[in-house]
Number of protein chains: 4
Amino acid sequence: MVNQFIPVKDQTRRERRIERQRRSIMDAAADLFAQKGYRATTTRDIAEAVDIGESTLYGYFSSKKEVLVAILSQQAEMVDALLMHLVELEDFQSFVNLVDLLMEKILTRTVYNRVLIAEAWTDDEVLQSYVVARWHPVMQTLQNFITMKIAKSIFRPIEPDMGARMVVGSFIAAILPVLRGIEPAPSPEQRHHLAMMIVETISNGLNIKRG
Amino acid sequence: MVNQFIPVKDQTRRERRIERQRRSIMDAAADLFAQKGYRATTTRDIAEAVDIGESTLYGYFSSKKEVLVAILSQQAEMVDALLMHLVELEDFQSFVNLVDLLMEKILTRTVYNRVLIAEAWTDDEVLQSYVVARWHPVMQTLQNFITMKIAKSIFRPIEPDMGARMVVGSFIAAILPVLRGIEPAPSPEQRHHLAMMIVETISNGLNIKRG
Amino acid sequence: MVNQFIPVKDQTRRERRIERQRRSIMDAAADLFAQKGYRATTTRDIAEAVDIGESTLYGYFSSKKEVLVAILSQQAEMVDALLMHLVELEDFQSFVNLVDLLMEKILTRTVYNRVLIAEAWTDDEVLQSYVVARWHPVMQTLQNFITMKIAKSIFRPIEPDMGARMVVGSFIAAILPVLRGIEPAPSPEQRHHLAMMIVETISNGLNIKRG
Amino acid sequence: MVNQFIPVKDQTRRERRIERQRRSIMDAAADLFAQKGYRATTTRDIAEAVDIGESTLYGYFSSKKEVLVAILSQQAEMVDALLMHLVELEDFQSFVNLVDLLMEKILTRTVYNRVLIAEAWTDDEVLQSYVVARWHPVMQTLQNFITMKIAKSIFRPIEPDMGARMVVGSFIAAILPVLRGIEPAPSPEQRHHLAMMIVETISNGLNIKRG
DNA sequence: CATGAATGAGCGTTCATTCAT
DNA sequence: AATGAATGAACGCTCATTCAT
């Protein structure tokens, strides 16, 4: 009610500062959560990592749980934005591009996803809200693609969900060691190559000739 | 000093009783760890599940951490016993059998493996000792198989570790939802079918004709 | 399940020990609550007063609030036991006895009642459950007595609830300074004299002759 | 050093503004203290009730405690102003008027008195400074009145302090439920009637005839 | 003077572990 | 060997107060 003449610029500057602080807290927390797990990370740990007082945290998040939720939600938003543009897969090129894009999106925020997986592994609600719900449309798209290819007699009449799952499996096998931190993140070129390999191998198999 | 005249037979009976108790504690703990995670499970939870006093636990394990270690070690022993008999893969049939066997071994101890994965995801030492070290020979066997097939011109000249990883990926994709508890365990027949599908698809791909 | 042969005597001895400990915690807590108020008293304070570890408290009470509730409830039980025998007031003697008895019951656990009043003064639920609910039958009995006396033309036709309230007021005026600790507790003789004075004065007033 | 040329008029206007703000803070705080108690009321609660920043409070009061002290002191001043005019009681009419006046003064500042009682109940200094010290002259006046009446053989030779206490008790019984908020404030007419009743009943008692 | 942001001190509570029996 | 009781250390969180702007 007082100070109503503060210029708009300051308002947004303040907002930006708050947003920046929230971000730095989330980043530090994600790092710690990824290393030690959510439970094992104390609010004291997080505060020290950001170099602020423990109680200052509570000016930006109302609870430790909310920090986790913010981390998970932010990642979910990113995935949702991606899924928005998830078009029907047409040819192999678009298939490769989808795999490549997903890989990129997931690997650019490694720790966030590492936290997500850790929590989803023990928390049913997190699993449902942040993993299953998001993964479903991707699986659907893959299955539609395979069904279509079978209909056009390009693929053998395999169960579509089996095929989709194998694609996902290959994808996971490529990504998991990176998320876990025992393999370095691939360069964009390596990533693209990997995506092609996955699609190609699933399509053509390893045999030179059909048995 | 006292009880030195107790006959040997009683000693071993006592030992068996102790071993049985250790087992029941480990089973109950594994169940709880799998459900809520190691940190979130209290010693009181475990004691109640076994229906013993909380402090009685410490007669069998010197700390809560040691219960976890015992669980992981026991699982490791089982895997080691399996790896002992890991022979060179020769033909597709032996390949399918390996996949089937691994699946069976992992799925019969679902909760233990669920705990293992949860811990390995945040604890580097656990990851190294109980996962990487054990997984390595399996990967090696797979790569040898692929290398051999390529040498015999049965497989296309793909990177062997890439191929091995895709097999593992498909394997993981089949197994993870079961371990996590969102899919029921497959029957032995389903399991065998699954193993065949994985090997077959990796070998031949989905295409009817080579592009 | 083990140790089922422990003699019954030990069971009750243990129970008595637990009960004794609960009591000593309640007494110490009541003392502190009375002096500083419930909010201002910390669990640390209570533990120190009983000379036990702070966490030991939680073996006897599940929360700080429950200590308060136990204190209030215990007092309520005592009052309830008294109200059980609350018979119809017949003559002045029984009236005096009621006042005397109430006074005694309230003053024998001074601190408990001091806590009760303090809490009832700010907490509506406490007021309702522990004060209003208990006070109501007493007021009713008093009003019945007065109504009866009016019917028999012994009392002037005053509003009965007004008369009852004046008795209660005199009672309160006598008791409050003692509860608050600014006056010493009366001896049984003084107490009886006081009770008589209250009844007598209310009955006859201060005037020598009727105006 | 700066602003030394501001005209005196503005200074006093500023002072009035400050005083007004102090008042509104005290009013809001008294309300909250009365509802939840002093300890349970946070500075944030107060600030929000006045719709100012939490830290702004400290421009008007140097601590939360001082807000309470200001509230109590203000009430004390009001009582002192009243006690200034406390004349010797002569006849029943002046007695009734005193009771009526006291009632009115107390009930027009219900919340303030509720806070006063709550604090006096646990804080010895508050009790002494704000209750005992102020109540004493009232009691003295009552006792003098009774002593005088006894001397004139109008009252029976009762202990004067006993009689005074009974008047106070009746007064308290009438006022406490209103202060506590479980009874509505009486209208001026009801209040006057009440005052008369109290004096009358104490004087004449309930009996139609003397026993 | 007003305030958003920051914080030290401390709160009620939990829990892995120890100890006396 | 088994356990009920005890507890130090730590946790997530609150709040009166300070400070830079």
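Below, chains carry the letters A, B, ... as their sequence lines are ordered, and counting in each starts from 1. All heavy atoms count here, side chains included; hydrogens, waters and symmetry mates do not. Only a predicted model underlies this, so the values are computations on that prediction, with no experimental measurement involved.
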For [X] and [N], give me the distance from atom [atom1] to atom [atom2], rounded to whole Å.
| X | N | atom1 | atom2 | result |
| --- | --- | --- | --- | --- |
| A/Arg17 | E/dG4 | CZ | C1' | 8 Å |
| D/Ile46 | F/dC15 | CD1 | P | 12 Å |
| D/Arg44 | E/dG4 | CZ | C1' | 11 Å |
| A/Lys36 | F/dA10 | NZ | P | 12 Å |
| B/Glu19 | F/dA1 | CD | P | 15 Å |
| B/Ile25 | F/dA1 | CD1 | P | 13 Å |
| C/Phe61 | F/dA5 | CZ | C1' | 15 Å |
| D/Arg22 | E/dA2 | CZ | P | 13 Å |

Using a strict 4.0 Å threshold on nitrogen-to-oxygen distance, state whether B/Lys36 and A/Asp123 make a salt bridge.
-> no
Taking 4.0 angstrom as the limit, do A/Arg109 and A/Asp27 come out as a salt bridge?
-> yes
With a 3.5 Å cut-off and no angle check, do the side chains of B/Arg23 and B/Gln74 form a donor-acceptor pair?
-> yes
Any chance the side chains of B/Ser24 and B/Gln21 put a donor and an acceptor closer than 3.5 Å?
-> yes
Nearest-nucleotide 5' precedence on DNA chain F, D/Thr41 against A/Asp45 | A/Asp45
Can you measure from OG1 (A/Thr41) to CG (A/Leu68) and round to the nearest 0.5 angstrom?
-> 10.0 Å
So, B/Arg22 side chain and B/Tyr60 main chain: donor-acceptor pair closer than 3.5 Å or not?
-> yes
Could you tell me which non-hydrogen atom of B/Ala30 sits nearest to which non-hydrogen atom of B/Val111, and how far apart they are?
-> O-CB, 4.3 Å
Closest heavy-atom contact between C/Val131 and C/Ala120?
-> CG2-CB, 3.7 Å
With a cut-off of under 6.0 Å to the ring centre and 45° to the axis, is D/Lys64 in cation-pi contact with D/Tyr38?
-> yes
Assign [X] to base, sugar-phosphate, or nothing according to its heavy-atom contacts below 4.0 angstrom with the strands shown.
| X | answer |
| --- | --- |
| B/Tyr60 | sugar-phosphate |
| A/Ile52 | sugar-phosphate |
| C/Leu57 | nothing |

Residue pair D/Arg39/A/Gly59 against DNA chain E: nearer the 5' end by closest nucleotide is A/Gly59
Map A/Gly53 and B/Tyr38 onto DNA chain E by nearest heavy atom, then report which one ends up closer to the 5' terminus.
-> A/Gly53
Please enumerate all protein N or O atoms sitting under 3.5 Å from an N or O of nucleotides 17-21 of chain E, with distances to 0.1 Å.
residue	atom	partner	partner atom	Å
E/dT17	OP2	B/Tyr58	OH	3.1
E/dT17	OP2	B/Lys64	N	2.8

Using a cut-off of less than 4.0 Å, is there contact between a side-chain N or O of D/Gln21 and OP1 or OP2 of E/dC1?
-> no
Would you say E/dT7 has OP1 or OP2 under 4.0 Å from some side-chain N or O of A/Thr56?
-> yes
Just jot down the side chain to side chain donor-acceptor pair (under 3.5 Å) partners of D/Tyr130, sequence neighbours excluded, or say none.
-> D/Ser73
Identify which nucleotide among F/dA1, F/dC11, E/dG4 has an atom closest to any side-chain atom of A/Arg14, counting heavy atoms from C-beta outward.
-> E/dG4
Where are the stems of DNA chain F, defined as at least 3 consecutive Watson-Crick or wobble G-U pairs with both distances under 3.5 Å?
-> E:2-21 with F:2-21
